[in-house]
Amino acid sequence: MSKSTLDRIVEKVEEMPVLPNRINKIIEIVENPDSTVKDLENEILKDQSLTSKVLKLANTTHYGYPRKISTVSRATILLGFQTIKSIALASTVSKYLLGELEGYALGKNDLWKQSQTCGIISRYIGKKKSIENPEEAYIAGLLRDIGKTILNHYVQSEYCEIVKIVGEERISFLEAEKLVLGFDHAEIGGKVAQKWNFPKDLVEAIEYHHTPEKALENPELVSIVHVADAITMMMGVGLGVDGMKYNLSQFAIDNLKLNETEIQCIISEASDLIIDDDNFNVI
């Protein structure tokens with residue numbers, strides 16, 4: 001791959017806008033142990049769209065509250081600070097995940113549905129494993145393929161060569177992607193996460209979601225996203241061309257202390273989790 005192409009890919013990352021100030025402010029409030037419900041409510045109310053999304057989620061049957069939630073403060077108490085952060089981030093990044101990615105054989109909304117599925121399953125595994133912050137697992141699962149939105153054009157133009165290498169060398173699409181382009185989508189996703197000033201363990205979960213054995217900051221989080229990604233592919237959700245040969249990492253399985261029966265159980269339970277179409281609406 002030519003240096004000029006590599007430079008253009010890096011420029012594409014640099015051209016991506018930073019997260020809006022309001023989202024950064026919400027993250028700052030959520031992560032500050034001294035913040036109050038009122039602090040978070042005041043920031044949410046500045047964004048009419050986000051306000052409606054928070055109230056909509058609080059009033060879903062999933063939470064089973066007997067009375068209608070009509071204020072952001074009550075919704076925040078019901079949902080929790082971390083869930084509010086997830087809603088704000090998902091709402092902001094959804095525009096990057098909605099488009100068609102011809103280079104990965106993903107139609108319009110396919111990446112969004114696939115990403116939401118991976119995020120939901122990541123959160124579920126995180127809860128099963130009693131990690132401190134399951135919502136971080138959701139965010140990592142949701143954004144693990146954000147790099148595809150950058151590499152799509154280059155994968156599309158080199159599609160035939162990548163597919164040929166996959167067939168001839170019997171390697172994964174990810175490995176062929178790196179051979180032909182010099183980067184793979186996971187690496188580029190990590191660069192995007194760095195640009196958005198995400199914590200190191202979240203950057204790592206996005207960058208190493210195919211190679212969890214490389215994780216240093218939080219191998220458990222990376223392993224959760226990897227297994228959730230593999231299950232998403234097994235279920236055929238938004239299955240693109242790169243999902244046909246997915247190498248499930250033994251490191252991740254061992255790290256999470258999973259056996260085959262538990263994985264099958266998670267797949268079965270995940271099917272119930274993603275039945276609700278509201279999970280895949282643009283939030």
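Atom set for the values below is all heavy atoms of this structure, side chains included, hydrogens, waters and symmetry mates excluded.
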>> If I compare all heavy atoms of I171 with all of A176, which pair ends up nearest, and what's the gap?
In response: CD1-N, 3.7 Å
> Is there a path from I266 to F251 through hydrophobic residues (I, L, V, M, F, W, Y) whose side chains come within less than 4.5 Å of each other?
Replying inline: no
> Within the side chain of Q156, is there an N or O that forms a donor-acceptor pair under 3.5 Å with the backbone of E102?
Replying inline: no
> Does E11 come within less than 4.0 Å of R8, counting only side-chain N to carboxylate O?
Replying inline: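 Between R8 and E11 there is no salt bridge, as every charged N stays at least 4.0 Å from the carboxylate O atoms.
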> How far apart are the closest heavy atoms of T92 and P20, and which atoms are they?
Replying inline: CG2-CD, 3.6 Å
> Hey, are E28 and K25 close enough for a salt bridge, meaning a charged N less than 4.0 Å from a carboxylate O?
Replying inline: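 Salt bridge between E28 and K25, a charged N being under 4.0 Å from a carboxylate O: yes.
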> Can you list every salt bridge (charged side-chain N to carboxylate O under 4.0 Å, His left out) pair that touches residues 194-217, not counting sequence neighbours?
Replying inline: none
> Is it the case that one hydrophobic cluster holds both L221 and W196, taking links as side-chain heavy atoms less than 4.5 Å apart, direct or via other members?
Replying inline: no
>> Ignoring hydrogens and geometry beyond distance, is a side-chain donor-acceptor pair present between T36 and D39 at under 3.5 Å?
In response: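 Distance-only check passes for T36 and D39.
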>> Does any part of the side chain of L57, heavy atoms only, come nearer than 4.5 Å to the side chain of K53, both counted from C-beta?
In response: no
>> One thing to verify: whether E135 and R123 come together as a salt bridge, which I'm taking to mean a side-chain N less than 4.0 angstrom from a carboxylate O.
In response: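 Yes.
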> Between the side chain of S52 and the main-chain N/O of S49, is any donor-acceptor distance below 3.5 Å?
Replying inline: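 Yes, the answer is positive, given that a donor and an acceptor are paired below the 3.5 Å cut-off.
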>> Quick check on side-chain hydrogen bond (donor to acceptor under 3.5 Å, both in side chains): which of K148, K178, R144, E177 does H185 satisfy it with?
In response: E177
> Apart from V222 itself, what residues make up its hydrophobic cluster, given side-chain heavy atom links below 4.5 Å?
Replying inline: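 Same cluster as V222: Y208.
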>> I'd like to know if the side chain of E262 and the backbone of N259 have a donor-acceptor N/O pair within less than 3.5 Å.
In response: yes
> Same cluster or not: are L97 and V225 linked, directly or through other Ile, Leu, Val, Met, Phe, Trp or Tyr residues, by side-chain heavy atoms under 4.5 angstrom apart?
Replying inline: no
> Among the clusters formed by ILVMFWY side chains lying less than 4.5 Å apart, do Y96 and I206 turn up in the same one?
Replying inline: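 Yes, Y96 connects to I206 through the hydrophobic network.
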>> Taking the side chain as everything from C-beta on, heavy atoms only, tell me whether Q114 gets closer than 4.5 Å to L111.
In response: yes
> Hey, mind stepping through N133 and Q82 against side-chain hydrogen bond (donor to acceptor under 3.5 Å, both in side chains) and telling me if it holds?
Replying inline: CA-CA 8 Å; N133 186 1; Q82 292 295 335; 3.1 Å; yes
>> Looking only at side-chain N and O atoms, does S223 offer a donor or acceptor that is under 3.5 Å from a partner on E220?
In response: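 Result is no, nothing qualifies.
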> Would you call E31 and K85 a salt bridge, using N to O less than 4.0 angstrom?
Replying inline: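 A salt bridge is present here (some side-chain N lies under 4.0 Å from a carboxylate O).
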> Counting N and O atoms only, with roles assigned by atom type, does the side chain of H209 sit under 3.5 Å from a partner on the main chain of H226, one being a donor and the other an acceptor?
Replying inline: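 Such a contact is absent between H209 side chain and H226 backbone.
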> Excluding sequence neighbours, so at least two apart, what forms ring pair (Phe, Tyr, Trp, His ring centres under 6.0 Å) with Y124?
Replying inline: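 With sequence neighbours excluded, Y124 shows a ring pair (Phe, Tyr, Trp, His ring centres under 6.0 Å) to no residue whatsoever.
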> Are T51 and Q48 close enough, and set up right, to give a side-chain hydrogen bond (donor to acceptor under 3.5 Å, both in side chains), and what steps lead you there?
Replying inline: CA-CA 5 Å; T51 298; Q48 185 177 4; over 6 Å; no
